[in-house]
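This report refers to the structure that appears directly beneath it.
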Amino acid sequence: MMNDVTSCKVAVLAGGWSDEREVSLNSGREVRAALHAAGFDMVDLLDIAADDFVLTMARERYDVAFLALHGEYGEDGCVQGMLEVLHVPYTFSGVLASSMAMEKDVTKLVYQSAGIPVAKGVTIEYGHVPTSAELDEIVQQLGLPLFVKPTRNGSSYGVTRVAQADQLAEAIDTAAQKGGHVLIEAAVAGTEITVPVLGNQDPTALPVVEIVTGAEFYDIKVKYEPSELHHRIPARISEESYALAQRYAIAAHRALGCKGCSRSDFIVKEDGTPVILETNTIPGMTSASLLPDSARHGGIEFPELCKRFVELALEDKR
């Protein structure tokens, strides 16, 4: 690794083709500004949807790629695979961890094998349209309310909260339009929290953030409102639940094989049990985002955080 990491030539990768394109571009701009503030001079912001993107990456000989991507083609292992072929170190998780974390039904199997509590649920395979009898069976098995979501999308796109049985078919159709399988889960009542984790081989958990929405769930609109409206740090849960959530988040990070950072979302039930919902391998990097807010409360300002991600990427490559 270079003696002075700030001498690295960095490509900040953003944009792309997913529903989260604009959020990704916002993350990219803020990351570029933070890296400049941390002392990096050579930082380019690249849109992976640009026609000359691959040629630029091959030609410019970047020392590291900082991924500010969200959703398909950016967070699912696709870009990571390209960077592996080009031998360019990159921030955050590799191909396999990214792919598994993107597929919520696969992720649940990994959680269960690691002993992390999950919500009861069923998966509808791609292209299958459930019959009325199958819908009735799902409601009978899981109860109401339910959450219906695409297995491979982010930022709550395509997610529906189903309070009545006659809403289920439409919710499945909405989720199916995003492609891939559809995951249906029993709603878990409790306190919504998220736990960021930093590190490669020896990860540590950052302060737990409680998410206060005033809405039915943490939807797209709420996610990108000012953080002070919805983030409470530290989370108002018991010391035992707090420690357990951090332990589960680290376990999820390790079980999936995450690198650099991850952010796992939970619902803490009334009995104090944290139930995991999903793990983000490239959390949002805007001023309203959860991980930078948590890091700030843990004493790590945004420029230092972004610098640390570059260091972790180079450490992993080494």
Establish, from distance only, whether the side-chain atoms of [X] and [Y] form a donor-acceptor pair under 3.5 Å.
X	Y	value
S264	T279	yes
N26	T286	no
E134	H128	yes
T151	Y126	no

- Would S27 and S24 count as a side-chain hydrogen bond (donor to acceptor under 3.5 Å, both in side chains) if you check the C-alpha gap in whole Å, the side-chain angles of each, and the deciding distance to 0.1 Å? CA-CA 5 Å; S27 286; S24 171; over 6 Å; no

Kindly indicate whether the side chain of [X], heavy atoms from C-beta on, has any atom under 4.5 Å from the side chain of [Y].
X	Y	value
Q164	V139	no
L35	V310	yes
F40	V5	yes
R296	E301	yes
M57	V88	yes
R254	P203	yes
T91	L312	no
I172	V129	no

- hydrophobic_cluster_shared for V43 and V79, side chain cutoff 4.5 Å: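 In one cluster with V79: V43, yes.
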
For [X], does the [atom1] atom sit with more than 12 other heavy atoms under 6.0 Å from it, leaving out its own atoms?
X	atom1	answer
E239	CD	no
Y73	OH	no
E170	CD	no
D51	CG	no
R61	CZ	no

For [Y], is there an ion pair with [X] - N to carboxylate O distance below 4.0 angstrom?
X	Y	value
E278	K149	no
E72	R152	yes
D316	K259	yes
R21	D47	yes

- Message: Students often mix this up, so state it plainly: with edges at 30° and 60°, are the rings of F266 and Y248 parallel, tilted or perpendicular?
- Response: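 The rings of F266 and Y248 lie parallel, inter-plane angle below 30°.
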
- Query: Of the options E210, H231, R263, which is the one that meets T194 in a side-chain hydrogen bond (donor to acceptor under 3.5 Å, both in side chains)?
  - Reply: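 That would be R263; it is the only one of E210, H231, R263 passing the side-chain hydrogen bond (donor to acceptor under 3.5 Å, both in side chains) with T194.
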
- Item | Steps toward side-chain hydrogen bond (donor to acceptor under 3.5 Å, both in side chains) verdict (H181, T123) | CA-CA 7 Å; H181 302 326; T123 300; over 6 Å; no

- Message: side-chain hydrogen bond (donor to acceptor under 3.5 Å, both in side chains), that's the test. Do D136 and Q140 meet it? Break it down for me.
- Response: CA-CA 6 Å; D136 290 342; Q140 184 175 4; over 6 Å; no

- Query: Does the side chain to side chain contact (heavy atoms under 4.5 Å, CB included) test come out yes or no for F53 and L13, once each step is laid out?
  - Reply: CA-CA 10 Å; F53 165 67; L13 307 190; 3.6 Å; yes

